[in-house]
S.K.: 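Can you keep this structure in mind? I'll have questions shortly.
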Number of protein chains: 2
Amino acid sequence: MPPPSAESGAPARGASRKPRADAERNRARVLAAARELFTARGDEVQMPDVARAAGVGIGTVYRHFPSRTALIAAAGEQRHAEIVEFARAECLTRSDAAEGLAAYLHRIGEVLAADRGLSAPVEAAFGSTEPTGEVQAEGLRVAGDLLARAKAQGAVRADVEVTDLNMIACGLAAIIRTGSGDWRRYLRIACAGLRP
Amino acid sequence: MPPPSAESGAPARGASRKPRADAERNRARVLAAARELFTARGDEVQMPDVARAAGVGIGTVYRHFPSRTALIAAAGEQRHAEIVEFARAECLTRSDAAEGLAAYLHRIGEVLAADRGLSAPVEAAFGSTEPTGEVQAEGLRVAGDLLARAKAQGAVRADVEVTDLNMIACGLAAIIRTGSGDWRRYLRIACAGLRP
DNA sequence: ATTGGAATCGGAATCCGATTCCGGTTCACC
DNA sequence: GGTGAACCGGAATCGGATTCCGATTCCAAT
């Protein structure tokens, strides 16, 4: 990485100093620990647990994430990002668009089903109608593409919108979280409801 | 180790004494207050608030409901009961069974949408695969009847089960809770997915 | 390589809210 | 009217998230 060519003597207002290496390392450690713990043990995980698992003090956890909620949200966002990446790689590339769409939803189910604590934020992510975060925007975009392809192939009704997919995903998350029943059946019904 | 069965002059095991009038009154007050507050202000309501609104001490709240969670669950159960009653009165009586089924789900949506804090327990109620509580059992029964009628009229696929309805309802609750989008659209899709 | 000082660290102290405890009071029954 | 079990109120306790601050570490300019 070439050092910034024209560094004025005075620190620039926006990005002055290179962030400290240890700070970034710690942030990553905390996030990784949180992700692991919340996935495994769910909501019963406490902040001291995270700090201990990350090998840092509680204060450090709070420096990087202003609250427990924020920490969980950050961990959940990573989880969401995985799903989006999968959709890009495995779903958008299928020739049968309806299959791709189904695979996308199915993947969400699998990821959440293997998880005990990060479902809630992911659910919230699908739930929120809009902005917060690049990952969410990206997810919306990918889902939109998936949907457009399926419509073009006449496999999905023309009046279906991306929000409909998000609602289905949000419901899916809740069903899995509560252990309501066989989520694959739910998805089958939902997908059937999308067809012309 | 239970005391010897031979019951002396002591009160019968089942119903010994008439429950104290003030106790029952207080219980009702607490429940009513809780219901109102949670519906209006959601999860941010605190136990002292409930006690104050009910005009009793905190201890009294805890005598009747062992925990905050239990209190919310009890309040939510009332809400659930309303829904079940509506289903009995307005949905089971329609000649068009599919319409009745749709009306049932729609009603759930309306009730939850007008509520800010009791959605979570109701969601849990639809979520749980099994027994807890007479209301829930009753709800399952009514939903089963609704479904059977629709199947008999050929308006719903034969392989649909009651749990499928519960999953749809559970998803609906989550969608409304998170404000995910237009829940009526969701229901339209779900109902479409039920058809043969 | 040394040094100044801003950012980071760690964890003890604080805060908030649910839950428990217990002396005083009330009610159903005799 | 008397009696004891059940109930009442609310102060005290407890658990866990969040804040605070002196000590430490790292970046960058000398």
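A, B, ... follow the sequence lines: proteins, then strands. Residue 1 opens every chain. Everything numeric in this text was worked out from a predicted model, so none of it was measured.
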S.K.: Indicate whether OP1 or OP2 belonging to dT8(C) is found under 4.0 Å from a side-chain N or O atom of His64(A).
M.R.: no
S.K.: Any salt bridge linking Glu123(B) with Arg177(A)? Criterion: basic side-chain nitrogen under 4.0 Å from a carboxylate oxygen.
M.R.: yes
S.K.: Without decimals, in angstroms, what is the distance between Lys18(B) NZ and dC7(D) C1'?
M.R.: 16 Å
S.K.: Within this structure, what is the CD-to-P distance between Glu24(A) and dA7(C), rounded to whole angstrom?
M.R.: 15 Å
S.K.: Name the closest nucleotide to the Asp22(B) side chain, picking from dC26(D), dT19(C), dT26(C).
M.R.: dT26(C)
S.K.: Rounded at 0.5 Å granularity, tell me how far CD1 in Ile108(A) sits from CZ in Arg79(A).
M.R.: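 These two atoms lie 13.0 Å from each other.
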S.K.: Could you tell me whether the side chain of Arg68(A) has a donor or acceptor atom within less than 3.5 Å of a complementary atom in the base of dA17(D)?
M.R.: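 Not at all, since no donor on one side and acceptor on the other fall under 3.5 Å apart.
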S.K.: May I have the distance from Phe65(A) (atom CZ) to dA17(D) (atom C1'), rounded to whole angstrom?
M.R.: 16 Å
S.K.: If you apply the rule salt bridge (charged side-chain N to carboxylate O under 4.0 Å, His left out), what do you find for Glu85(A) with Arg107(A), and how did you get there?
M.R.: CA-CA 11 Å; Glu85(A) 181 179 9; Arg107(A) 176 57 159 213; over 6 Å; no
S.K.: In terms of side-chain geometry, is the basic nitrogen of Arg52(B) or Asp49(B) positioned less than 4.0 Å from the acidic oxygen of its partner?
M.R.: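 Asp49(B) and Arg52(B): salt-bridged.
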S.K.: Here's a test of your reading of the structure: between Thr69(B) and Pro19(B), which maps to the more 5' nucleotide of DNA chain C?
M.R.: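 First, find each residue's nearest nucleotide; the 5'-ward one identifies Thr69(B).
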S.K.: Arg29(B) has an atom CZ; how far is it from atom C1' of dG9(D), in whole Å?
M.R.: 14 Å
S.K.: In whole angstroms, how far is the P atom of dT24(D) from the CZ atom of Arg20(A)?
M.R.: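 That distance rounds to 14 Å.
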S.K.: Is Arg157(A) paired with Asp159(A) through a side-chain N to carboxylate O contact shorter than 4.0 Å?
M.R.: yes
S.K.: For Asp43(B), is there an ion pair with Arg68(B) - N to carboxylate O distance below 4.0 angstrom?
M.R.: yes
S.K.: What residues in residues 46-63 of chain B put a non-hydrogen atom under 4.0 Å from any atom of DNA chain C?
M.R.: Gln46(B), Met47(B), Pro48(B), Ile58(B), Tyr62(B)
S.K.: Within less than 4.0 Å of OP1 or OP2 of dC8(D), is there a side-chain N or O belonging to Asn26(B)?
M.R.: yes
